[in-house]
Amino acid sequence: MNILITERVIRISIVSIDGRIDAFGVPELRERLYKQIEEGVSNFVLDLRQVTFLDSAGMAALVNLLKRARQAGGDVKLVSPTEENAKRILLMTKFDQVFQMTDTIEDAVRRF
């Protein structure tokens with residue numbers, strides 16, 4: 001008899017962001033996210049429910065994180081902002097087609 005047991009552990013970082021994701025805050029955000037990748041995390045849930053504004057620098061940071069995560073064999077899921085202006089910019093720029101977007105952290109985690 002042959003028995004093969006394989007266990008897979010998926011490490012997921014849940015990152016909650018409050019306020020604006022703009023050119024002023026992006027360097028710190030990028031630094032903290034990239035440090036997670038250096039520590040072996042390749043799967044991220046970005047909780048954007050409390051985000052009030054995104055500019056092009058913020059959106060570029062999200063895309064760069066997605067690229068790095070996928071290069072490491074992982075992915076990035078977004079929890080949709082509740083602020084209409086922030087949600088609208090993600091929809092207008094088709095980020096909902098690039099990222100899997102959910103309404104809750106739990107739904108995002110289940111998609112891994």
Side-chain angles (χ1 to χ4, degrees):
M1 171 181 3
N2 293 321
I3 299 173
L4 175 63
I5 298 174
T6 304
E7 179 181 9
R8 293 186 183 191
V9 177
I10 298 176
R11 187 173 169 195
I12 302 169
S13 277
I14 299 170
V15 181
S16 297
I17 304 169
D18 186 357
R20 299 170 61 92
I21 303 177
D22 59 20
F24 297 107
V26 163
E28 179 185 358
L29 176 64
R30 195 178 300 135
E31 178 184 326
R32 293 184 65 185
L33 293 172
Y34 293 173
K35 184 174 182 181
Q36 290 283 300
I37 291 174
E38 290 171 9
E39 294 173 356
V41 177
S42 60
N43 294 300
F44 294 85
V45 171
L46 297 184
D47 179 4
L48 305 179
R49 289 178 294 180
Q50 300 302 313
V51 169
T52 57
F53 177 80
L54 282 128
D55 70 4
S56 59
M59 295 172 63
L62 298 181
V63 171
N64 286 333
L65 175 63
L66 179 64
K67 179 181 174 184
R68 287 176 180 237
R70 287 188 175 163
Q71 287 174 340
D75 203 0
V76 177
K77 315 290 187 203
L78 302 181
V79 179
S80 296
T82 55
E83 174 67 39
E84 282 302 316
N85 289 332
K87 186 184 287 189
R88 185 173 32 253
I89 193 71
L90 291 174
L91 297 176
M92 285 176 32
T93 55
K94 308 282 187 206
F95 268 50
D96 60 323
Q97 295 176 16
V98 176
F99 294 88
Q100 285 189 359
M101 295 179 63
T102 67
D103 291 327
T104 67
I105 291 171
E106 294 77 18
D107 284 344
V109 169
R110 275 194 290 273
R111 293 184 184 214
F112 281 102

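Position 1 is the first residue of the sequence, and the numbers go up from there. Values reported hereafter were calculated over all heavy atoms of this structure, with side chains retained and with hydrogens, waters and symmetry mates removed.
From Arg30, atom CZ reaches atom CG of Leu65 across 10.5 Å, with rounding to the nearest 0.5 Å. A distance of 10.0 Å separates CD in Gln71 from CG in Leu66, rounded to the nearest 0.5 Å. Rounded to the nearest 0.5 angstrom, Ser80 OG and Met101 CE are separated by 3.5 Å. Going from atom CZ of Phe112 over to atom CZ of Arg11 covers 13.0 Å, rounded to the nearest 0.5 Å. How far CD of Glu28 is from CG of Leu33: 10.0 Å, rounded to the nearest 0.5 Å. Taken to the nearest 0.5 Å, the NZ atom of Lys87 stands 12.0 Å off from the CZ atom of Arg49.
Linking ILVMFWY side-chain heavy atoms closer than 4.5 Å, directly or via other members, places Val51 and Phe44 in a single hydrophobic cluster. A single hydrophobic cluster is not seen to contain both Ile37 and Val45; linkage of ILVMFWY side chains at heavy-atom distances under 4.5 Å, directly or through other members, places them apart. No path of Ile, Leu, Val, Met, Phe, Trp and Tyr side chains, each step under 4.5 Å between heavy atoms, connects Phe53 with Met92, placing them in separate hydrophobic clusters.
Under the salt bridge (charged side-chain N to carboxylate O under 4.0 Å, His left out) criterion, Arg70 pairs with Asp75, sequence neighbours left out.
Here the closest heavy-atom approach between residue Ser42 and residue Gly73 is recorded as OG-C, 4.2 Å. A pairwise comparison of heavy atoms in Gly74 and Asn43 identifies CA-OD1, 3.3 Å as the closest pair. Taking all atoms of both residues into account, the shortest heavy-atom contact from Ala86 to Pro81 is CB-CB, 3.7 Å. Listed here is the closest heavy atom pair of Pro27 and Ala23: CD-O, 3.4 Å.
Looking at Phe95 and Val63, their side chains come closer than 4.5 Å, going by heavy atoms from C-beta outward. Looking at heavy atoms from C-beta onward, Ile89 lies in side-chain contact with Met59 at the 4.5 angstrom threshold. No side-chain heavy atom of Thr93 sits under 4.5 Å from any side-chain heavy atom of Leu54. No side-chain heavy atom of Leu62 sits less than 4.5 Å from a side-chain heavy atom of Val98. Val76 places a side-chain heavy atom less than 4.5 Å from the side chain of Phe99. Between Val79 and Leu48, every side-chain heavy-atom pair lies at or beyond the 4.5 Å cut-off.
Exactly one residue among Thr52, Leu29, Leu46 makes a side-chain contact (heavy atoms from CB on, under 4.5 Å) with Ile21. That residue is Leu29.
Atom OH of Tyr34 has more than 12 heavy atoms from other residues, nucleotides or ligands within 6.0 Å. Counting non-hydrogen atoms of neighbouring residues, nucleotides and ligands closer than 6.0 angstrom, the CZ atom of Arg32 reaches no more than 12 such neighbours.
Judged by distance alone, the side chain of Asp107 and the main-chain N or O of Arg110 form no donor-acceptor pair under 3.5 Å. In this structure, Asp47 contributes its side chain and Ile105 its backbone to no donor-acceptor pair below 3.5 Å.
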Audit row: Glu31, Lys35, salt bridge (charged side-chain N to carboxylate O under 4.0 Å, His left out) steps and yes/no: CA-CA 6 Å; Glu31 178 184 326; Lys35 184 174 182 181; over 6 Å; no
